[in-house]
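Quick notes on the structure that follows.
Keep in mind that the numbers below use all heavy atoms, side chains included, and drop hydrogens, waters and symmetry copies. All chains are named by letter (A, B, ...) in the order of the sequence lines, taking the proteins before the strands, and each is independently numbered beginning at 1.
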Amino acid sequence: MENLRIAELLKSSDFGKEVQVKGWVRTKRGNKNVAFIAINDGSGIHSIQAVVDLSKIPEEALRQVTTGACISVRGTLTQSQGQGQTVELQTSALEIIGAADETFPLQKKAHTLEFLREIAHLRPRTNTFGAILRIRHHMAMAVHHFFNERGFFYLQTPVITGSDAEGAGEMFRVTTLDLKNLPYNEDRSIDYKQDFFGRETNLTVSGQLEGELAATALGQVYTFGPTFRAENSNTPRHLAEFWMIEPEMAFHDITDNMDVAEAFLKYLIRYGLEHSKDDLEFLNTRAIEEDKNKKESERSKTTLMERLNLVAENTFKRITYTEAIAVLEKGKKFEFRPEWGKDLQKEHENFLVDHFKIPVIVTDYPKGIKAFYMKQNEDGKTVRAMDVLFPYVGEIIGGSQREENYDKLQARMKEMDIPEESLSWYLDTRRYGTCPHSGFGLGFERLILFITGMSNVRDVIPFPRTPKNADF
RNA sequence: UCCUUGGUAGCUCAGCUGGUUAGAGCACAUGACUGUUAAUCAUGGGGUCACUGGUUCGAGCCCAGUCCGAGGAGCCA
């Protein structure tokens, strides 16, 4: 007997065929003559309905068929007599693989996302998280497809890094030293020579610098791996451990960089619309239902599907930082007045996206608010940075053309007090056969946030790590 | 980290100006029901009111501290 996954069976019209399914019970209902069991095996958003004739299978056998139980059902695939589904299973045999007693926390009703976060080990069994995790998978595949099709090489950069000068945020220390009995130098500083690597090491905050090394050899590379920031950030957009995609491309200037970023985002969204249609439709409907419980002022003006299509079909607005400030000055009253030289506030970003109604790429930021490695413009004031601003999630990509001139890069590091010794290997790329190159970083969870229409990154990663939370 | 807000049954919430024995819906259990769609109907078991201390004749409610959640801000992806 064929053991098919439910997503396949639901598409089948092979009525009369004997099949077996294994999965988890979502709900059971019925009367003393017939029972209906919704079984889901994770293969898709839709469950299959097993119809149990109680004259053939005694009610006693159904006792353990409760929400959450794992069961195996054998039966005949038939056209459904009821509404609501086209295919169903006429049960001939039923087996309990793993029972779930009444303490099983998931009920056949909607739970709050906050509650589900507390039971992150069980939330994949819900429709919402099943959909999100499947979409997350397809998006990861899409990332690899996109770059592979364009001749990029997938580069695995180190998770443990000795580099502490990246300036991308607070880092998590990696050590095997006994914290209760630390070795000290004569000047009371900690003697890291006795640590595992013989030096201070941390978890990576970015694979970019290593990516640049490979780009100046392989031409076009990308990284896709976990990234760690020890910032005490408590927002729906930040995680202490998240996944980032960082392409790095030789012979690409800032415009080429924007072209790749825009094509990439559109590719990902189209890929999602194609490969995760059912799950996206489920999440779209879910968001509309959720909205009905909200106050009118808090409701979303667009649906998830509308937002996805908007991004997939429209050319992004490209604007310099200086132009953006001008737009903002004419825009409206902000809590923080836009001022040239200061970083854009969240309210400013939101205004720009609202104003143009499409994703916005802001370029050429003042050098004072950007990282040391960004290419300096001729005006002496700005650098070739670019941020891609998205509706709903804000900054989804941050990138730049890199400074490839050895002297200028070295001078900028000196200005910003970045110790040259620690990055001599990085400067070597400019010393030997340097070339213009660019790259950017895409926050994977922010992408998933946009695609799923969820509103907290903690709900789009299986096990979120945030300040005071590393359960599971 | 700052500001705002919240923590009452397994879940979602109500609980008046501080006053007798703490309320509902869902879930669960039992029963009814000839194909249900979060099935429906009836019955009834279920509470350390986040924690610690204080005010009071009396605290779920008032005060202080602590812990945890959410929203906004900063940091950023």
Side-chain angles (χ1 to χ4, degrees), chain A residues 26-38 46-47 49-55 63 66-68 78 80-85 88 90 100-119 126-127 166-170 205-208 226-246 261 289 293-294 298 335-336 342-350 369-371 387-390 393-399 440-450 455-461 466-469 471:
Chain A
R26 284 293 157 78
T27 176
K28 179 183 73 176
R29 42 179 184 261
N31 52 46
K32 66 179 175 184
N33 299 302
V34 60
F36 303 93
I37 309 167
H46 300 297
S47 299
Q49 172 162 285
V51 184
V52 181
D53 185 338
L54 295 183
S55 64
R63 277 192 94 76
T66 55
T67 301
T78 58
S80 179
Q81 296 169 31
Q83 300 295 306
Q85 62 280 317
E88 64 188 17
Q90 291 294 337
D101 69 16
E102 70 283 352
T103 62
F104 183 65
L106 293 170
Q107 302 166 6
K108 41 189 177 185
K109 67 166 215 166
H111 287 289
T112 60
L113 295 169
E114 290 81 6
F115 172 68
L116 293 174
R117 264 171 231 158
E118 290 167 18
I119 50 165
T126 63
N127 287 333
E166 290 163 27
E170 294 294 315
V205 291
S206 166
Q208 181 200 317
T227 309
F228 307 88
R229 305 264 168 100
E231 300 286 352
N232 190 11
S233 295
N234 293 288
T235 85
R237 300 175 304 283
H238 290 86
L239 293 164
E241 176 183 292
F242 64 100
W243 287 67
M244 187 154 64
I245 297 133
E246 295 179 288
E289 291 299 316
N293 298 325
K294 289 184 189 164
E298 287 167 10
E335 193 182 341
F336 295 93
K342 290 200 172 161
D343 215 346
L344 297 179
Q345 301 281 324
K346 190 93 203 309
E347 56 172 341
H348 302 152
E349 294 180 359
N350 290 344
I369 56 173
K370 289 292 180 184
D387 284 356
V388 182
L389 310 180
F390 253 41
V393 293
E395 187 183 339
I396 197 167
I397 277 180
F440 60 83
L442 169 73
F444 191 55
E445 283 71 26
R446 289 191 183 172
L447 170 79
I448 305 299
L449 208 57
F450 181 75
S455 48
N456 193 317
V457 282
R458 296 167 195 202
D459 297 328
V460 299
I461 190 168
T466 54
K468 305 269 182 275
N469 182 11
D471 290 341

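Residue A:Phe242 and nucleotide B:rA77 are classified as a stacked aromatic pair, their ring centres being separated by less than 5.5 Å at an interplanar angle below 30°.
Using a 4.0 Å heavy-atom criterion, one finds that A:Ala35 contacts no nucleic acid atom at all. Residue-level contact check: A:Glu246 touches neither bases nor backbone, having no heavy atom under 4.0 Å from any strand. Residue contacts for A:Gln345: at a heavy-atom cut-off of 4.0 Å it reaches the sugar-phosphate backbone alone, with no base atom in range. At a threshold of 4.0 angstrom between heavy atoms, the contacts of A:Ile397 are confined to the sugar-phosphate backbone, with no base atom among them. Contacts of A:Thr27 with the nucleic acid, taken as non-hydrogen atoms under 4.0 Å apart, involve only primed sugar atoms and P, OP1 or OP2. At a threshold of 4.0 angstrom between heavy atoms, the contacts of A:Gly441 are confined to the sugar-phosphate backbone, with no base atom among them. Note on A:Ile396: only backbone sugar-phosphate atoms sit closer than 4.0 angstrom, heavy atoms only; bases stay farther off. Contact annotation for A:Thr227: no contact, since no heavy-atom pair falls under 4.0 Å across all strands.
Considering only the side chain of A:Asn234, B:rA73 comes nearest among B:rC11, B:rA73, B:rC76. Comparing B:rU34, B:rC75, B:rA39 by their nearest atom to the side chain of A:Lys108 picks out B:rA39. Taking the side chain of A:Glu395 as heavy atoms from C-beta on, and the options B:rU1, B:rU36, B:rC76, the nearest nucleotide is B:rC76. Distance from the side chain of A:Arg229 is smallest for B:rA77 among the nucleotides B:rA77, B:rG74, B:rA39. Out of B:rU12, B:rU36, B:rA73, the shortest distance to the side chain of A:Ser80 is found at B:rU36. Candidate nucleotides B:rC33, B:rA73, B:rG10 were compared by shortest atom distance to the side chain of A:Gln107, and B:rG10 ranks first. Of the candidate nucleotides B:rC28, B:rU36, B:rA73, B:rU36 has the atom nearest to the side chain of A:Phe36. Nearest nucleotide to the side chain of A:Lys32, out of B:rA77, B:rC33, B:rC75: B:rC33.
Separation of the C1' atoms belonging to B:rG10 and B:rU66 is 27 Å when rounded to the nearest angstrom. B:rG65 and B:rA9 are spaced 28 Å apart, taking the C1' atom of each and rounding to whole Å. Taking atom C1' in both B:rG47 and B:rA14, the straight-line distance is 15 Å, to the nearest Å. Separating the P atom of B:rU8 from that of B:rC49 is a span of 11 Å, rounded to the nearest Å.
Taking A:Asn350 as the reference, A:Lys346 meet the side-chain contact (heavy atoms from CB on, under 4.5 Å) condition, with sequence neighbours excluded. Remark: A:His111 engages A:Phe115 in a ring-ring contact (aromatic ring centres under 6.0 Å, His included) (not counting sequence neighbours). The salt bridge (Lys or Arg N to Asp or Glu O under 4.0 Å) test applied to A:Glu246 returns no partner, not counting sequence neighbours. Under the rule for a ring-ring contact (aromatic ring centres under 6.0 Å, His included), A:Phe440 has no partner lying at least two apart in sequence or in another chain.
Going from atom CD of A:Gln81 over to atom C1' of B:rU37 covers 14 Å, rounded to whole Å. Between the P atom of B:rC2 and the CG atom of A:Asn232 lies a distance of 9 Å, rounded to the nearest Å. The distance from atom CG of A:Leu106 to atom C1' of B:rA38 is 13 Å, rounded to the nearest whole Å.
With hydrogens and angles left out, the side chain of A:Glu88 and the base of B:rU37 share no donor-acceptor pair within 3.5 Å.
Helical stems in RNA chain B, defined as runs of 3 or more consecutive Watson-Crick or G-U wobble pairs with both donor-acceptor distances under 3.5 Å, are listed by first residue as B:1-7 with B:67-73, B:10-13 with B:23-26, B:28-32 with B:40-44, B:50-54 with B:62-66.
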Would you give a per-nucleotide map of nucleotides 65-70 of chain B, 5' to 3', where B means the base has a protein non-hydrogen atom under 4.0 Å away, S means only the sugar-phosphate does, and - means neither?
---SSS
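Between A:Arg29 and B:rU36 there is no side-chain N or O to OP1 or OP2 distance below 4.0 Å. The phosphate of B:rU12 (OP1 or OP2) has a side-chain N or O of A:Thr112 nearer than 4.0 angstrom. Between A:Arg63 and B:rU30 there is a side-chain polar atom (N or O) within less than 4.0 angstrom of OP1 or OP2.
No donor-acceptor pair under 3.5 Å is formed between the side chain of A:Glu241 and the backbone N or O of A:Pro226.
Along RNA chain B, the nucleotide nearest A:Gln85 and the nucleotide nearest A:His111 are compared for position; the residue whose nucleotide lies closer to the 5' end is A:His111.
A:Gln49 and A:Arg29 form a side-chain donor-acceptor contact under 3.5 Å, judged by distance and modelled atom types alone.
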